[in-house]
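Heads up, the thing below is written out as structure tokens.
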Number of protein chains: 2
Amino acid sequence: MTTLKSDHELPLRERKKVETRAAIHDAALRLVAENGVGHASVDAICSEAGVSSRTFFNYFPSKVSAIVGLSSFVVTDAQRDEFLTGDGERYLVRDLCTLVGAVMDATARDGVDREAIRDLLGRRPELAPDVIRFASELRHDIVVLAEQRTTPARARLAVTLVMSAVDSALHRPLDAVYDEQFSTWLFEAVMTMQAIARESLD
Amino acid sequence: MTTLKSDHELPLRERKKVETRAAIHDAALRLVAENGVGHASVDAICSEAGVSSRTFFNYFPSKVSAIVGLSSFVVTDAQRDEFLTGDGERYLVRDLCTLVGAVMDATARDGVDREAIRDLLGRRPELAPDVIRFASELRHDIVVLAEQRTTPARARLAVTLVMSAVDSALHRPLDAVYDEQFSTWLFEAVMTMQAIARESLD
DNA sequence: ACTAATTACTGCAGAAAGTGCAAACTTTCA
DNA sequence: TGAAAGTTTGCACTTTCTGCAGTAATTAGT
């Protein structure tokens, strides 16, 4: 159940929306975990959730989106502004970690269960390409932002570096507490990558 | 025209296969460049190339695959063996660059035009997610290999680092001669990422 | 040069992900 | 209660992609 709070004191209509959304997401997660991605068609998920397929796409723009439980990644104006107050390439990677971490933390607050997704990716690696494709949308937004602080080439490089860390986070935890502050964990992952590179580069 | 050599002295049937393959790929590339990804349906590409849609999927497993001009990335046994002679984490990233570079160079020898693809991605950024998804297949193979030389977590981190460089290469050239030796260029890109990270990390 | 065996091409039928539209239904609020 | 606003649904349609079976073309044997 992905209902975090405030099931009460919400108008009936809103409550139902939250419920169906959760029903679809839960059904998707369960079916994929049990039967594999291939046998979890949209129609199957819809039967399981008790909605029509048209309603399915009313809540989520794609199948993976329903599995992940997120319509799309959103960079808020505040997050964008804070990032852009940064000074050129100074602290660029650190600021990118902060920004991406904030976006990811927001999704967690919206009920996205990173732990569940990571488990699922472990059990069903075929999903990875689709999830990566889904996340590439966020990636693009971030590149556009980073390009306002350095050259396009270096912006892409820096963003790629940080998104790499996100990818790793979706697969394995390096420590147990990263769920608290994602940006901190990102930061450490980037430094680990650096260390690996340095040790084995030449 | 993506026929590199030996149009002659090949049996007629083989020659025709090479020709239709090139016809499909060229049509796809042209249509996407002109009309955008949305208006370049498989059917449209087929008319342009003069084949049936069934034949299209006989040559390429997906639409992006036809655009890129490659059925799939292949790691040869020799490449795999050479990589696995390497010693644990020592030179891991360097060896990964060599491996991935070799695979990419092989595609170039098979007629894949990196320059054309890079131009296309510049003009039609909507394509990027699909191309990334396509490449994630190679990524998976490489991760499996890297896991034989270090822990899964560090393997993934190292591979991601190198694939990041590939991604950058698909978008912008950092220098002009990288087409000669892709692995060298990869190597430099990884070090550039390191430099960016170091400069702007703390 | 004619036949027989491969091998490629094609059409057809169909699954599955999505999308737009208008009808039917439900909640809300006056 | 009844109108307004919002939600769900069915339907028709597009697009990518697959299996199957038949047809057409290349090749090899005599």
Hey, does the side chain of A/Lys17 come within less than 4.0 Å of D/dT7's phosphate (OP1/OP2), counting only N and O? yes
Can you measure B/Asn58 atom CG to C/dC12 atom C1' for me and round it to whole angstrom units? 15 Å
Would you mind reading off the distance between B/Asn35 atom CG and D/dT15 atom P, rounded to a whole angstrom? 13 Å
Integer-rounded Å distance: C/dC29 C1' and A/Arg13 CZ: 10 Å
Is the phosphate of D/dT26 approached by B/Lys16 (side-chain N or O, under 4.0 Å from OP1 or OP2)? yes
Under a 3.5 Å distance rule, please check whether A/Arg30 uses its side chain to pair with a backbone N or O of A/His25 as donor and acceptor. no
Atom CD of A/Glu14 to atom P of C/dT27: distance rounded to whole Å? 13 Å
Among all residues two or more places apart in sequence or in another chain, which pass the ring pair (Phe, Tyr, Trp, His ring centres under 6.0 Å) test with A/Phe134? A/Phe73
Take the protein atom CZ of A/Phe56 and the nucleotide atom P of C/dT19, then report the distance between them rounded to whole Å. 11 Å
When you compare the side chains of A/Thr160 and A/Arg139, does any donor N or O come within less than 3.5 Å of an acceptor on the partner? yes
Apply side chain to side chain contact (heavy atoms under 4.5 Å, CB included) to residues B/Glu188 and B/Cys97 and explain how you reach the verdict. CA-CA 10 Å; B/Glu188 283 175 27; B/Cys97 287; over 6 Å; no
Do A/Arg54 and C/dG20 share a donor-acceptor pair, side chain to base, under 3.5 Å? yes
Can you tell me the distance, in whole Å, between the CD1 atom of A/Ile45 and the C1' atom of C/dG18? 14 Å
Determine: side-chain N/O of A/Thr55 to OP1/OP2 of D/dT8, distance under 4.0 Å, yes or no. no
Within this structure, what is the OH-to-P distance between A/Tyr59 and D/dG6, rounded to whole angstrom? 14 Å
Which is true for B/Phe60 with a 4.0 Å heavy-atom rule: it touches a base, it touches only sugar-phosphate, or it touches nothing? nothing
With no hydrogens and no angle check, is any side-chain donor or acceptor of B/Thr55 less than 3.5 Å from a backbone partner on B/Asn58? no
Atom CZ of A/Phe134 and atom P of C/dA17: how far apart are they, to the nearest Å? 16 Å
Regarding A/Ser62, tell me which of base, sugar-phosphate or nothing describes its non-hydrogen contacts under 4.0 Å with the strands shown. sugar-phosphate
